[in-house]
Student: 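One structure, as structure tokens, below. Some questions next.
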Amino acid sequence: MAKLKVAVLISARGSNMQSLVHACSAPGFPAEIVCVLSNNLEAAGLKFAAENAIPTRVIDHRDFENREAFDAKLTEFLASIDVDLICLAGFMRLLTPEFVNRWQDKILNIHPSLLPAFKGLHVHERAIESGARFTGCTVHFVRPEMDEGPIITQAVVPIHQTDTPEALAARILEQEHLIYPLALKLVAENRVKIHGAVVLIEAADEQHHALLNPKVEGF
Ligand code: GAR
């Protein structure tokens with residue numbers, strides 16, 4: 001079967017993009033990364049992509065008059081390389097409804113909280129300040145409203161009493177690197193079905209259940 005053609009959009013470090021690249025390099029993985037695109041020429045992840053022989057492209061939002069013009073350029077480029085799926089991986093730009101609707105059910109995003117809690121920015125600080133005992137990360141389909149959309153995978157991470165936002169972010173990031181490749185695999189295998197706000201995963205096995213709800217270590 002033909003592999004799903006994926007573009008990964010980044011703005012900076014790109015560690016989630018790296019986890020997707022590693023996953024796609026495994027024999028038989030059902031998706032391939034055909035481009036890493038950034039709105040920021042300085043994004044560190046671009047170097048990694050280039051070193052791994054993945055085509056890169058920079059489309060700088062500052063070169064455009066408004067969001068609509070920038071997003072139209074993104075669509076023009078992504079359509080020209082015939083992508084099947086767009087993975088946002090630390091892409092720190094809000095997308096217009098026109099863009100999201102053009103790529104309906106073809107955009108995934110990763111967010112470092114257990115959505116629908118803690119949408120937006122500064123999520124780790126806010127999670128700690130809230131007094132919550134657990135937070136985590138989420139991969140979901142993108143909808144026009146920020147950090148909204150049907151959830152595919154999540155991982156739970158405990159908040160320690162001594163946590164700093166940085167320490168918590170680092171533990172969540174480890175889980176992000178597990179759940180994004182899993183979500184991509186499930187989508188590429190065509191096992192992810194959207195029913196309104198809810199995603200059903202066909203033939204989810206034990207391993208997937210373990211990753212969707214990982215055991216908390218040390219308790
Ligand atoms: C990740 O933690 C990702 O979940 C977050 O930015 C970081 C990017 O790291 N994304 C968001 O906050 C989007 N709302 P990375 O560049 O190393 O993948």
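For ligands, and for the atoms within them, numbers begin at 1 and follow the listed sequence.
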Student: For Ile10, state whether at least one heavy atom is located under 4.0 Å from any atom of ligand 1.
Tutor: no
Student: Salt-bridge test for Glu98 and Arg102: reply yes if a basic N is under 4.0 Å from a carboxylate O, no otherwise.
Tutor: no
Student: Return the residue, atom name and 0.1 Å-rounded distance of the protein heavy atom closest to atom 3 (C) of ligand 1.
Tutor: Glu176 OE1, 3.3 Å
Student: Between the side chains of Arg171 and Asp163, is the shortest nitrogen-to-carboxylate-oxygen separation below 4.0 Å, so that they form an ion pair?
Tutor: yes
Student: Could you tell me the residue and atom name of the protein heavy atom closest to atom 9 (O) of ligand 1, and the distance to it rounded to 0.1 Å?
Tutor: Arg13 NH2, 3.1 Å
Student: Considering only the protein, which heavy-atom contact is closest to atom 8 (C) of ligand 1, and what is its distance?
Tutor: Gly90 CA, 3.7 Å
Student: With rounding to the nearest 0.5 angstrom, report the CZ to CG distance, Phe134 to Leu114.
Tutor: 10.0 Å
Student: Does the distance from a Lys or Arg side-chain N to an Asp or Glu carboxylate O, for Glu145 and Lys119, drop under 4.0 Å?
Tutor: no
Student: If we count only N and O atoms by modelled type, under 3.5 Å, do the side chains of Asn40 and Ser11 hold a donor and an acceptor together?
Tutor: no
Student: What atoms of ligand 1 come within less than 4.0 Å of a heavy atom belonging to Ser15?
Tutor: 15 (P), 16 (O), 17 (O), 18 (O)
Student: Tell me, which protein residue and heavy-atom name are nearest atom 14 (N) of ligand 1, and how many Å apart are they?
Tutor: His111 ND1, 3.1 Å
Student: If you measure every N or O of Asn16 against every N or O of ligand 1, does any of those distances drop under 3.5 Å?
Tutor: yes
Student: For atom 10 (N) of ligand 1, what is the closest protein heavy atom, and at what distance to 0.1 Å?
Tutor: Ile110 O, 3.7 Å
Student: Taking non-hydrogen atoms only, is Met17 closer than 4.0 angstrom to ligand 1 via side chain, backbone, both or neither?
Tutor: neither
Student: Just distances here: any N/O of Met92 and N/O of ligand 1 closer than 3.5 Å?
Tutor: no
Student: Relative to each other, are the rings of His22 and Phe48 parallel, tilted or perpendicular (30° and 60° limits)?
Tutor: perpendicular
Student: Please name the pair of heavy atoms, one in Pro112 and one in His124, separated by the smallest distance, quoted to 0.1 Å.
Tutor: CB-NE2, 3.6 Å
Student: Could you check Gln154 against Thr138 for side chain to side chain donor-acceptor pair (under 3.5 Å), going step by step and ending with a plain yes or no?
Tutor: CA-CA 4 Å; Gln154 289 188 308; Thr138 303; 2.9 Å; yes
Student: Taking atom 11 (C) of ligand 1 as the point of reference, which of Ala44, Ser19, Gly14, Pro112 owns the nearest heavy atom?
Tutor: Pro112
